Amino acid sequence: MLQHVGESFGHRFKFSAQLIGGVAIDAVGNPCPDDTLASCRDSDAILLGAVGGPKWSDPNAAVRPEQGLLALRAELGVYANLRPVKIFDELAGASPIKHDRLQGVDLMVVRELTGGIYFGEKTRDEDSASDLCTYHRYEIERIVRVAARLAQNRKGNLCSVDKANILETSRLWRDVCTQTIADEFGGLKLEHMLVDAAAMHLINRPADFDVIVTENMFGDILTDEASMLAGSLGMLPSASLGDTTRGLYEPIHGSAPDIAGRGIANPCGMIASVAMLLRHSLDLQEAATLVENALRQVIANGARTADLATGDEAVLSTVEMTEAIMRHIA
Ligand code: IPM
Ligand code: MG
C-alpha cells in the first residue's frame with residue numbers, strides 16, 4: 001500500500017522489516033531485539049503488525065510477545081495513542097448497536113500509552129499477586145495537552161475518563177486534567193466521567209463524545225468496546241506519538257489466531273493506520289486523504305471482508321480488499 005501510494009505521488013520510501021513479538025522470541029529469544037529498536041529509532045515511522053499467537057500464549061511464560069510491544073512503545077516514548085472511531089454509514093448493519101445510536105458518531109480516544117498499570121512493578125507468589133499503577137503529573141499533563149489540542153480542532157469537547165471515586169491515580173489524573181485545561185485551554189469544554197459510566201454511554205449515546213482522554217488500561221478496554229460502533233475490531237487504526245513526528249502505527253486489533261492463515265483478515269484497520277502514518281509522521285496530507293477516501297469509497301461500493309458481511313454480499317479476501325482499495329489510488 002505504501003509503495004503504491006509512493007509511486008502515485010512520486011515519493012520513494014525506504015523500508016526495513018524487523019522482528020518483534022513471537023517471531024523475535026523464536027529468532028533471538030527477545031521480543032524486542034536491539035536491531036529492531038535501532039532500526040525503529042532510525043526511521044521516520046513504524047508500521048506494526050500484531051505480536052502474539054497461540055504458540056506464545058502461556059500467560060506464565062517468562063518472556064511474552066506483548067512485552068516486545070510494550071518495550072517498543074516505551075523506548076520510542078510514544079505516550080499518546082490516538083484511536084479514531086469513525087463510522088461508515090454503509091457498515092451500520094455490521095454493528096451490533098442500533099442504527100439510530102450510530103448517527104453522527106465521530107470520536108477520538110486518546111489513550112495514555114507508556115504509563116499506569118501496564119508498566120508498574122509486578123509481584124507474584126503462590127497465593128497473591130499485585131500490579132502497581134503509578135501516574136506522574138507530567139505524564140498526565142502531556143497526554144491531556146495532546147487530547148486538548150485535538151479537541152480544539154474538532155468539536156471542542158473533551159471527556160476525561162477515570163475512576164476517581166476509587167483510585168488515587170485517578171484523583172491525581174482528574175486534578176491535573178482540570179488544572180491543565182483551566183491554565184492552557186480556556187474555551188474547551190471539559191467533562192469528567194467515571195470509566196464504568198463511560199462504558200455504558202459509549203453504547204447508549206456514542207454520538208455525544210468528541211475527544212476522550214484516558215489512562216492506559218481504560219483506553220485499551222474502551223477502544224475494543226468502541227470498535228463495535230464501527231462494525232468490527234478490524235476497522236480501527238491507531239497512531240502512537242511522542243514529542244517528535246516519529247510515530248508507531250498499528251491497527252488496534254491483535255493477531256486474531258482464530259482466523260490465522262486463511263487470508264480473510266480485514267486489512268482496513270491497517271490501511272487506515274497507513275493513512276495516519278502519512279498524515280502525522282510524513283506530513284503527506286494529500287496522500288493520507290487519498291487513502292482514507294479510497295477506503296471509504298470501496299466500503300461504499302459494497303466491498304466487505306468476512307467480519308463485515310451481514311448477508312449474502314460477496315466476501316473479499318484480505319488481498320482482494322487491499323487491491324480494491326489500491327485501485328482507487330491512481
Ligand atoms: C492494544 C493491545 C495491546 C495492549 C496488547 C497486545 C499488549 O491490546 O494495543 O490495544 O494491551 O495495549
Ligand atoms: Mg487492546
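Indexing begins at 1, ligand by ligand and atom by atom, following the structure's order. Source: prediction; values computed, not measured.
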A.B. asks: Can a donor-acceptor pair be found between the side chains of Q179 and D175 at a distance below 3.5 Å?
C.D. replies: no
A.B. asks: Side-chain donor-acceptor pair under 3.5 Å between S232 and D307, yes or no?
C.D. replies: yes
A.B. asks: Could you list each N/O atom of ligand 1 together with any protein N/O atom closer than 3.5 Å, one pair per line with the distance?
C.D. replies:
unit_1   : atom_1 : unit_2 : atom_2 : d
ligand 1 : 8 (O)  : D220   : OD1    : 3.2
ligand 1 : 9 (O)  : R73    : NH2    : 2.8
ligand 1 : 9 (O)  : R83    : NH2    : 2.9
ligand 1 : 10 (O) : R83    : NH1    : 3.3
ligand 1 : 10 (O) : R83    : NH2    : 3.0
ligand 1 : 10 (O) : R111   : NH1    : 3.4
ligand 1 : 10 (O) : D220   : OD1    : 2.8
ligand 1 : 11 (O) : Y118   : OH     : 2.6
ligand 1 : 12 (O) : R73    : NH1    : 2.7
ligand 1 : 12 (O) : R111   : NH1    : 3.2
ligand 1 : 12 (O) : R111   : NH2    : 2.8

A.B. asks: Where do G115 and N216 come nearest, in terms of heavy atoms and distance?
C.D. replies: O-ND2, 3.1 Å
A.B. asks: Does this structure show an ion pair linking E75 with R41, if we count only N-O contacts that are shorter than 4.0 Å?
C.D. replies: yes
A.B. asks: Closer than 2.8 Å to the Mg ion (ligand 2), what protein N/O/S atoms do you find?
C.D. replies: D220 OD1
A.B. asks: Test N81 against every option in E250, R111, E112, R73 by the side-chain contact (heavy atoms from CB on, under 4.5 Å) rule and name the one that passes.
C.D. replies: R111
A.B. asks: State whether a side-chain donor-acceptor pair under 3.5 Å links H4 with E7.
C.D. replies: no
A.B. asks: Can you see which heavy atom on P65 is nearest to which on G22, and at what distance?
C.D. replies: CB-N, 3.6 Å
A.B. asks: Enter the distance from C177:SG to E191:CD here, rounded to the nearest 0.5 Å.
C.D. replies: 11.0 Å
A.B. asks: May I ask you to establish whether R296 and F88 are in a cation-pi arrangement, using a distance under 6.0 Å from NZ or CZ to the six-membered ring centre and at most 45° from the ring axis?
C.D. replies: no
